[in-house]
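See below for the structure under consideration.
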Amino acid sequence: MPEKNHATVAVTGVTGALGNRIAARLADHGVPQLLVGRSPDRIPELPNARRRGPAAYADASAMRTALEGASTLVLVSGHRTGRRLEEHATAVEAAIEAGVDRILYVSLVGASPTATYLNARDHWMTEQFLAGAGIRCTVLRAGFYASTPAALADEEFVVSGPGGTGRAAFVTHEDIADVITAVALDEGPRSEHDGATLEITGPEALTLDEAVTRIAAATGRPYRYEPETLEEAFARRWRLGISGEQIETWISWYQAIAKGELSMVTDVVPRLTGSPATPISDAAWWPSPNSARGTRG
């Protein structure tokens, strides 16, 4: 049977852990791609894919040029800059002007205007902008990454923060990428996912103590979780020379878990991929300690 002719998909964030995985999966399916980034020399080489850039979200002209010829845009959110909504809005408008038909936006479980986790507020605002932009779109809200606790650990593999006994359904990069790929492959003038918000989670909600204990067992490294009060969390990070904005973001990550705002468990992964969601102990990779940046922007 002849291979299906796929429409071109543009993917942003391809130098990062999630965008890279999405692009690799689409390449495996033979999808022609435009890989968009600020540093073209860092963009991976993949079959049937063209590098586009340099193109930053805030640069409307560069984004229009980079997106020309794409039918679908997978928009992986940028880092928190204080102007992330404006940057995302510029990218969306550039996509529309370039003739893109559909946008798949990678958001965050718990996105709301009053979310405890500060990054989730930016995501909610982007979702609202997309809803009124006049383009087909799907919002893919990803849970907290299964790898993040390992990245937050210090050199002694201690994860410290005010997470209490709240729970989060940590999800792997691989599962998120598989879901997004499935939606991107649902081509045509209409998709059942148009206008939908899909909450992508792991198979169970874990406390930080449970999650870190499983990471330790999976890696053979002595990871452990030590709860902190808000005052302790601030003081320790301030002594380390971390910026106020970064402290605020990190602490709000832990607080969102403590309040149970990331505890929902959904069937999105098995329903869209045909495979069960991956337990945190079976994650495919673990980052080095002290490597967290912005805690899942």
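Heads up: numbering here begins at 1 and tracks the sequence. Computed from a predicted model, the values in this text were never measured in an experiment.
Residue D186 holds its CG atom at 6.5 Å from CZ of R102, rounded to the nearest 0.5 Å. Interatomic distance, OG1 of T249 versus CD1 of I242, reported as 11.0 Å (0.5 Å rounding). Separating the CD1 atom in I176 from the OG1 atom in T278 is a distance of 10.5 Å, to the nearest 0.5 Å. The OG1 atom of T15 sits 7.0 Å away from atom CZ of R38, with the distance rounded to the nearest 0.5 Å. Rounded to the nearest 0.5 angstrom, R224 CZ and S160 OG are separated by 8.0 Å. Atoms CG and CD1, on L272 and I200 in that order, are 8.0 Å from each other to the nearest 0.5 Å.
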Yes or no on side-chain contact (heavy atoms from CB on, under 4.5 Å) for W286 and I215, after CA distance, side-chain angles and deciding distance?
CA-CA 9 Å; W286 301 106; I215 293 172; 3.5 Å; yes
For M63 and V36: C-alpha separation, side-chain torsions, deciding distance, then whether side-chain contact (heavy atoms from CB on, under 4.5 Å) applies.
CA-CA 8 Å; M63 286 299 295; V36 180; 4.2 Å; yes
I would like to know whether R42 and V14 meet side-chain contact (heavy atoms from CB on, under 4.5 Å); could you show each step before the answer?
CA-CA 9 Å; R42 295 179 56 219; V14 291; over 6 Å; no
Intermediate values then yes/no, salt bridge (charged side-chain N to carboxylate O under 4.0 Å, His left out), E228 and R237
CA-CA 12 Å; E228 291 179 311; R237 288 164 175 79; 3.1 Å; yes
The test is side chain to side chain donor-acceptor pair (under 3.5 Å); show your working for E87 and T81 and say whether it passes.
CA-CA 9 Å; E87 292 172 0; T81 62; 3.2 Å; yes
Let me see the working for H29 and L26 under side-chain contact (heavy atoms from CB on, under 4.5 Å), right down to the final yes or no.
CA-CA 5 Å; H29 285 277; L26 290 172; 5.7 Å; no
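Looking at heavy atoms from C-beta onward, R214 lies in side-chain contact with L206 at the 4.5 angstrom threshold. Side-chain atoms of V269 and V179, non-hydrogen and from C-beta on, do get closer than 4.5 Å to each other. The closest side-chain heavy-atom distance from I257 to F144 is below 4.5 Å. Contact annotation: the side chain of L208 approaches that of Y254 to within less than 4.5 Å [non-hydrogen atoms, C-beta and beyond]. Residues I103 and L130 have side chains in contact (heavy-atom distance under 4.5 Å, counting atoms from C-beta outward). Using a 4.5 Å heavy-atom threshold, the side chains of I96 and I135 count as touching. A 4.5 Å side-chain heavy-atom check between V106 and H123 finds every atom pair outside the cut-off. Within the 4.5 Å cutoff, the side chain of E204 has no heavy atoms near those of the F170 side chain.
Under the side chain to side chain contact (heavy atoms under 4.5 Å, CB included) test applied with T201, the options V268, L262, V265 reduce to a single match, V265.
Closest heavy-atom contact between A153 and V159: CB-CG2, 3.8 Å. Contact detail for A233 and P162: the closest heavy-atom pair is CB-CD, 3.8 Å. When every heavy atom of L108 is checked against every heavy atom of A142, the shortest pair comes out as CD1-O, 3.3 Å. Closest approach of S147 to H173, counting heavy atoms only: OG-CE1, 3.2 Å. Shown here for P149 and V212, the closest heavy-atom pair between the two residues is CB-CG2, 4.1 Å. Taking both residues in full, the closest heavy atoms of A218 and S281 are given as CB-O, 3.4 Å, listed atom of the first, atom of the second, then distance.
Using modelled atom types, one finds a donor on one side chain and an acceptor on the other under 3.5 Å when comparing S107 with E127. Using modelled atom types and a 3.5 Å distance limit, the side chains of R167 and T207 yield no donor-acceptor pair. A side-chain N or O of T116 and one of E261 form a donor-acceptor pair less than 3.5 Å apart. Side-chain contact of N48 with Q33: a donor-acceptor pair under 3.5 Å is absent, judged by distance alone. No side-chain donor from either of R84 and T126 sits under 3.5 Å from a side-chain acceptor of the other.
Side-chain atoms of T266 come within 3.5 Å of backbone atoms of E199 as a donor-acceptor pair (strictly under, hydrogens ignored). A donor-acceptor pair under 3.5 Å links the side-chain atoms of T65 to the main chain of S61, judged by distance alone. In this structure, the side chain of S39 does not engage the main chain of D41 through any donor-acceptor pair within 3.5 Å. Side chain of R121 to main chain of A115: a donor-acceptor pair is present (N/O by atom type, distance under 3.5 Å, no hydrogens or angles). Looking at T12, its side chain does come within 3.5 Å of a backbone N or O of V76 through a donor-acceptor pair.
I180 and V9 fall within the same hydrophobic cluster, where Ile, Leu, Val, Met, Phe, Trp and Tyr residues are linked whenever their side-chain heavy atoms come under 4.5 Å apart, directly or through other members. There is no path of hydrophobic side-chain contacts, each under 4.5 Å, that joins Y57 to I22. Connection of W238 to I251 is established within a shared hydrophobic cluster, with ILVMFWY side chains joined at heavy-atom distances below 4.5 Å, either directly or through further cluster members. Linking ILVMFWY residues whenever their side-chain heavy atoms come closer than 4.5 Å, directly or via other members, places L104 and L35 in the same cluster. W250 is not connected to V158 by any chain of hydrophobic side-chain contacts under 4.5 Å among Ile, Leu, Val, Met, Phe, Trp and Tyr, and they are in different clusters.
Atom CZ of R83 has 12 or fewer neighbouring heavy atoms from other residues, nucleotides or ligands inside a 6.0 Å radius.
The aromatic ring centroids of H88 and F129 lie 6.0 Å or more from each other.
Under the salt bridge (charged side-chain N to carboxylate O under 4.0 Å, His left out) criterion, D175 pairs with no residue, sequence neighbours left out. By the salt bridge (charged side-chain N to carboxylate O under 4.0 Å, His left out) test, D178 pairs with R25, sequence neighbours left out. By the side-chain contact (heavy atoms from CB on, under 4.5 Å) test, A7 is found to be paired with S71, E187, residues two or more places apart in sequence or in another chain being considered.
Note on R64 versus E93: no salt bridge recorded, every NZ/NE/NH1/NH2 to OD/OE distance being 4.0 Å or above. Salt-bridge check for R236 with E231: failed, with every basic side-chain N at 4.0 Å or more from each acidic carboxylate O.
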